[in-house]
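Written below as structure tokens is the structure these notes are about.
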Number of protein chains: 2
Amino acid sequence: MATRTGQDGLSRDRIVEAAIAMLDDGGENALTFRALSTRLKTGAGAIYWHVANKEELLAAATQAVLADVLRGDEGDTTPRDAVRAIALGMFDAIDHHPWIGGQLGGLASRSASMRIIERIGQQVQALGMPQEHQFFATSTLFSFILGVAGQNAANARARVGGRGRAELLGAEAAIWASLDPAEFPFLRSAAGQMGDHDDREQFLVGIDLILSGIGSAR
Amino acid sequence: MATRTGQDGLSRDRIVEAAIAMLDDGGENALTFRALSTRLKTGAGAIYWHVANKEELLAAATQAVLADVLRGDEGDTTPRDAVRAIALGMFDAIDHHPWIGGQLGGLASRSASMRIIERIGQQVQALGMPQEHQFFATSTLFSFILGVAGQNAANARARVGGRGRAELLGAEAAIWASLDPAEFPFLRSAAGQMGDHDDREQFLVGIDLILSGIGSAR
DNA sequence: ACCTGAACACCGTTCAAGT
DNA sequence: ACCTGAACACCGTTCAAGT
């Protein structure tokens, strides 16, 4: 893989590479076949010789970005740590390429999802869950990861216009803090944590929470 | 709310109502301002008098569809049952209107998300979690719900072309069952459950898993 | 105040024609 | 085999003009 045929001459890999770059700095809306072909100094329709359509291109980009996570070997850590490592691998990929959050659920990137579910499932199995519950436990972990991915994607979309993460979070926290305490007691009390939490830590706490649920259901 | 001014005369409510109907039976791509204005027997631009743009329209539709879940009162059930009730309310809304799965994460429907987080948060509080952990526990539950919502949305998108849920699930299970057992031991062993599980039950198991994680972290 | 509908600036995708 | 670029059938959105 990644057999670049050279600087000139289109290739699926060069197209995917360029698509990822555009997605990374402009979000999903920034990826158009016209802009892509301009960047690649080729005609609008040329891309279709290498890629069936936009959906396939997005799926290929998603797969490329998740390559590391999809490949990984667990070594001889505990199942618990292995799950955390897989999840964190996903988190970091999503963090660097938030647009994959909108892709992971889709049918087009099903083979990537299957590999991830497989890796998580093996660890859930090793955790000693009874057979009948392994499937549900694994999909709970996977759904949680997808949920975080989707929120990251949405946040990144909101960020395209300007403001950075800290600014956005600060604004959100300010809104929470200014709510009617009779109607929104919880949000008010959590406004502080909303304002300065660490996304990665929050994510890990979620994984741990589910893992300890799995532990107590064993 | 829902003050229909009559059969004739546009109104925000009539527009949102029509938009929901179109989204329900054609998915997100089926909602265009042209098709919408045809259905409402009006001009393409008329809608913009009542709605700022498509994003706002989608947010309004999402809010309308979640109205019941957003309003609800918990009565005097246990916190655990209250969380399950809120979550199931979300699940059913998502099940009937899968397109909201793509909206919930977004900034446009933030006020809806805030209400849901508030309701869940209050119950997590009642569950006896220490203050510092309530925020993370609540957002774990919320992220999980969003993840399931996103997958439902993606599945519904795949279904637009034809095949129903059972068919799609059967096909997926068949793929899992035919995988190389050396490379995909987990997916193979779970193929049966993949084929005939109940989505609602799977969702509830996830909620329970997180709840029991919360219980043991208390 | 509210609606019309043509017009603008885009899209993804196709396809005859070139090399 | 691979690429070009015009053309097709759409989009969301705007806005002068109507009532």
Ignoring hydrogens and geometry, is there a side-chain-to-backbone donor-acceptor pair from A/H97 to A/A93 under 3.5 Å? no
Note: A/V51 and A/E56 closest approach over all heavy atoms is CA-OE2, 3.9 Å
At what distance, to the nearest 0.5 angstrom, does CG of A/L141 lie from CG of A/L211? 5.5 Å
Where A/P98 and A/N152 come nearest, the two heavy atoms and their spacing: CB-O, 3.9 Å
Give every donor-acceptor pair under 3.5 Å between a side-chain atom in residues 29-37 of chain A and any protein atom, sequence neighbours left out.
unit_1	atom_1	unit_2	atom_2	d
A/T32	OG1	A/A35	N	3.0
A/S37	OG	A/F33	O	3.0
A/S37	OG	A/R34	O	2.9

Take the angle between the ring planes of A/F144 and A/F203 and call it parallel below 30°, perpendicular above 60°, tilted in between. parallel
Derivation of the salt bridge (Lys or Arg N to Asp or Glu O under 4.0 Å) call for A/E183 and B/R115: CA-CA 9 Å; A/E183 204 181 352; B/R115 283 198 146 70; 3.1 Å; yes
The side-chain hydrogen bond (donor to acceptor under 3.5 Å, both in side chains) partners of A/D95 (sequence neighbours excluded) come to none
Here the residues of residues 30-41 of chain B within 4.0 Å heavy-atom distance, strictly under, of DNA chain D are B/L31, B/T32, B/F33, B/R34
For a quick check under 3.5 Å, do A/S111 and A/Q63 share a side-chain donor-acceptor pair by atom type? yes
Gap between atoms CZ and C1', on B/R12 and C/dA1 respectively (whole Å): 17 Å
DNA chain D base-pair string [pairs: Watson-Crick or G-U under 3.5 Å; |: paired with another strand]: ||.|||||...|||||.||
In residues 102-112 of chain A, what residues come within less than 4.0 Å of DNA chain C, judged by heavy atoms? none
When you check the side-chain N and O atoms of B/Q202 and A/S139, is any donor under 3.5 Å from an acceptor? yes
Could you check which residues of residues 49-58 of chain B get a heavy atom under 4.0 Å from DNA chain D? Sort them by number, please. B/N53, B/K54
Scan side-chain atoms only and decide if B/Q103 and B/W99 contain a donor-acceptor pair under the 3.5 Å cut-off. no
Does a side-chain N-to-carboxylate-O contact under 4.0 Å join A/R188 and A/D180? no
